There are 2 protein chains.
Amino acid sequence: MSAKSADAPRPRAADPKKVHIADTVMTRYNWYKHVDWLNVFFILGIPFYGCVQALWVPLQFKTAVWAVIYYFFTGLGITAGYHRLWAHCSYSARLPLRIWLAAVGGGAVEGSIRWWARGHRAHHRYTDTDKDPYSVRKGLLYSHLGWMVMKQNPKRIGRTDITDLNEDPVVVWQHRNYIKVVVFMGLIMPMAVAGLGWGDWWGGFVYAGILRIFFVQQATFCVNSLAHWLGDQPFDDRNSPRDHVITALVTLGEGYHNFHHEFPSDYRNAIEWHQYDPTKWSIWIWKQLGLAYDLKQFRANEIEKGRVQQLQKKIDQKRAKLDWGTPLDQLPVMEWDDYVEQAQNGRGLIAIAGVVHDVTDFIKDHPGGKAMIKSGLGKDATAMFNGGIYYHSNGAHNLLSTMRVGVIRGGCEVEIWKRAQKEGVEYVRDGSG
Amino acid sequence: MSAKSADAPRPRAADPKKVHIADTVMTRYNWYKHVDWLNVFFILGIPFYGCVQALWVPLQFKTAVWAVIYYFFTGLGITAGYHRLWAHCSYSARLPLRIWLAAVGGGAVEGSIRWWARGHRAHHRYTDTDKDPYSVRKGLLYSHLGWMVMKQNPKRIGRTDITDLNEDPVVVWQHRNYIKVVVFMGLIMPMAVAGLGWGDWWGGFVYAGILRIFFVQQATFCVNSLAHWLGDQPFDDRNSPRDHVITALVTLGEGYHNFHHEFPSDYRNAIEWHQYDPTKWSIWIWKQLGLAYDLKQFRANEIEKGRVQQLQKKIDQKRAKLDWGTPLDQLPVMEWDDYVEQAQNGRGLIAIAGVVHDVTDFIKDHPGGKAMIKSGLGKDATAMFNGGIYYHSNGAHNLLSTMRVGVIRGGCEVEIWKRAQKEGVEYVRDGSG
Ligand code: HEM
Ligand code: HEM
Ligand SMILES: [Fe+2]
Ligand SMILES: [Fe+2]
Ligand SMILES: [Fe+2]
Ligand SMILES: [Fe+2]
């Protein structure tokens, strides 16, 4: 956020024995020590100043258009540059594009690439844990801007490897000259374009400068808050990241965040053509222009596997809530003759596929009529039920399974009958059969 | 459709030896014998006459409104009366409502209740087979109106039980006086309302009568064609019925036809509140008015089971198309020392959870960096991979399984090491371990 916090995660001369303020309880006497006032000034104070100024400074049409354009430039600096290029190396960029992204990304006033990408890598590696610098588990507001407004113990944040970033001269240069970059790209540049272009210096400063910074900041902060809070989890529900079109619209396409956390090395966040991901579209265009190359995509096979597994999980949850009838191995075993006798004594029993069902309460509701179902009571109705008279629907089979009360020893009637013959036992068929 | 076809499925004095025209091949010489000219006149001729008349007869606003109202009345006569009440007994109706539905249903000119419900029961019992009177397997146009326009052998159509209908005096009376009902409710009534109401006798005849009949017919025919052709199959895909909102909009809510074929005894076709099913809403209102009772709903448990099973089927289909890696039991067994040796000889092998993976081609793509993954080659990287260094995502696990090349005899390294100790064999640890 500031030159100070840009370096914050690397405590240099801190006394290791001294307790960090973030590790002490906040009270009505020490709360102001918990606040990072410099960041409050950058994130809330300056926008407030911009709002006040806006009361006096009239908004010209050209300046408004320029502010929106510059909003997209600086926003893409964060999403395509800071995020997908440097934090995730999901594609490679040639020097001119890297310089451009480092410049406009700086104009978004969200800290240097080096500081930002380091924290972001920790966020991915330790998502939702205490080592995550902007864990949503600490509250939506905390993940949105609390983590910058309140002091954090830099030692708490997970360690990540940023050797690759230290080897990129653009990153190093931007980090060293961060304040100059912010002042120039954040304020002077938008002001100068409006001023030299159509003489609206103050408008450029207030609208394309300060207020535009505010909107870009709030929009990109949404990736840390909204994207971990609103939407579906089509790829994994282990952690908080979620996919939602609203977040995507606000964040230049970073809203498919469940996908992104699962496949962070993919240069896309949205994989469907109809989803809104202008960051992806920009990278693709840069590729066509020869400015970007080596765009990485996770294998489609693995992406689909994740989706299938997640769907499976949801189905299993639904399945567990439904009544599938007593499992066969938990049913009492019945003799065929007992079954026939009980049915003759008026119990509404029907044997289908070797299982006895009690349909007493269902007879009057049978969509095929009382007569039909009654004709099967006390008999082996397997064939009748499975097409002999009516080829029952899947729904009917499901319903049937909820009415199980026993299994016939030896299976269905014919088997019993055959066996009886083989064993020489005379088998008495039910007279009404 | 007509008094004649209303009785068609019950051949009375037909010579059983004579081949029915529908069972002969259609040629350029006998095609006109295949056509049911009476139905052509009713379904196509009269609407054509209406269109011609519409050229001369001006459409008054009041008549237009009345035609639309009468369209809904007669349409509901078919959907709520013929279909859900009489064909499926999905609710019970008191005498006044039954008379009303028999009257307006007759005004839709689609045959008597008795004829219609008999065919419809056959359609449900023998869906998509040759015994289905309007099987979509014979073509979309055939299921829409071809089955009425072309002669059918009534003996081919599946037999169904309509004893309950023969016991309903309203049904019997309507069947006996069908022509009178059609003329009165189809033409005289709409004409008289417009004529006596605002003096537009001709408009009432052409618009609220003839053209309204045409639209009601075409709309309800869509249940047999469109509903078996367009949309999803959320409950069962054994047969052709499908759910689609467009069909629902056209057919007063009969478009959730996959649900309907699976649970025909349910008075609803749409089970979600936000789906369009005005027929269901009407029945529900009649219930509040005391005109209808005993509205049947299939058990929610069974409905959800159908949905879950169908989803499961789709997932299984997707799953089968993906590469899940060689199943463990088909992998060659490797000795731990062979594994270590091969890895030292430069093959990119890594053992995780007792399985050897060949990651040679993946090293350069590893999102965690080349160094990380290389540090696991030739070792037991189970712990590293599962959180020791990085708690890999589900996606990473999926990817890993596609790289399987062997299983280690005896499991992971520690187990082998322990066993070696127990067996008194000195186990030489890899120097770099
Ligand atoms: C064993 C003798 C049975 C016979 C002969 C029989 C016959 C029939 C017939 C003919 C139909 C079709 C109704 C129509 O077309 O309108 C039907 C429907 C149905 N039957 Fe049965 N049935 C029998 C037993 C059962 C049992 C034991 C159950 C369930 C526990 C059951 C559940 C259903 C259901 C839910 C339907 C509605 C239509 C469907 O979902 O396919 N039936 N039955
Ligand atoms: C055994 C040694 C390995 C180590 C120490 C290791 C380490 C890591 C680390 C630290 C990351 C995180 C990168 C970041 O946060 O930016 C990572 C990511 C990843 N690793 Fe590994 N890895 C190892 C092996 C493998 C293997 C064998 C595979 C797969 C075949 C694999 C697949 C991945 C994937 C797909 C990611 C991307 C992030 C994710 O989807 O979670 N790794 N690995
Ligand atoms: Fe995130
Ligand atoms: Fe990310
Ligand atoms: Fe149907
Ligand atoms: Fe039906």
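Just so it is clear, the structure is predicted and the values come from calculations on it, not from any experiment. Just so it is clear: chains get the letters A, B, ... in the order the sequence lines come, proteins before strands, and each one is counted from 1.
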Counting only heavy atoms not in [X] (residues, nucleotides, ligands), do more than 12 fall under 6.0 Å from its [atom1]?
X	atom1	result
B:K370	NZ	no
B:R159	CZ	no
A:K138	NZ	yes

Non-hydrogen side-chain atoms of [X] and [Y] separated by less than 4.5 Å:
X	Y	result
A:K321	B:E304	no
B:E302	A:T402	yes
A:K305	B:S401	yes
A:P367	B:K296	no

Out of A:D323, A:V308, A:D236, which one racks up the most heavy-atom pairs below 4.5 Å with chain B? A:D323

I'd like to verify something: which residue of A:K314, A:R319, A:Q310 has the highest number of heavy-atom pairs under 4.5 Å with chain B? A:R319

Would you compute the distance between atom [atom1] of [X] and atom [atom2] of [Y] and round it to the nearest 0.5 angstrom?
X	Y	atom1	atom2	answer
B:N301	A:W324	CG	CH2	8.0 Å
A:N239	B:N394	CG	CG	11.5 Å
B:S393	A:F263	OG	CZ	6.5 Å
B:R299	A:L322	CZ	CG	13.5 Å
A:I303	B:L399	CD1	CG	10.5 Å

Pick one of side chain, backbone, both or neither for A:Q309, based on which atoms fall under 4.5 Å of a heavy atom in chain B. side chain

At a 4.5 Å cut-off on heavy atoms, which part of A:T163 comes close to chain B: side chain, backbone, both, or neither? neither

Verdict with supporting geometry, B:I315 and A:I315, side-chain contact (heavy atoms from CB on, under 4.5 Å): CA-CA 10 Å; B:I315 289 188; A:I315 289 189; 3.4 Å; yes

With a 3.5 Å distance limit and no angle check, can you tell me whether B:E262 reaches the backbone of A:G395 through a side-chain donor-acceptor pair? yes

Is it the case that the side chain of A:K318 and the backbone of B:R307 share a donor-acceptor pair, with hydrogens and angles ignored and the cut-off at 3.5 Å? no

Here's one to test your reading of the geometry: is the NZ or CZ of A:R238 within 45 degrees of the ring axis of B:Y391 and under 6.0 Å from its centre? yes

Given a strict heavy-atom distance threshold of 4.5 Å, which part of B:S90 is in contact with chain A: side chain, backbone, both, or neither? neither

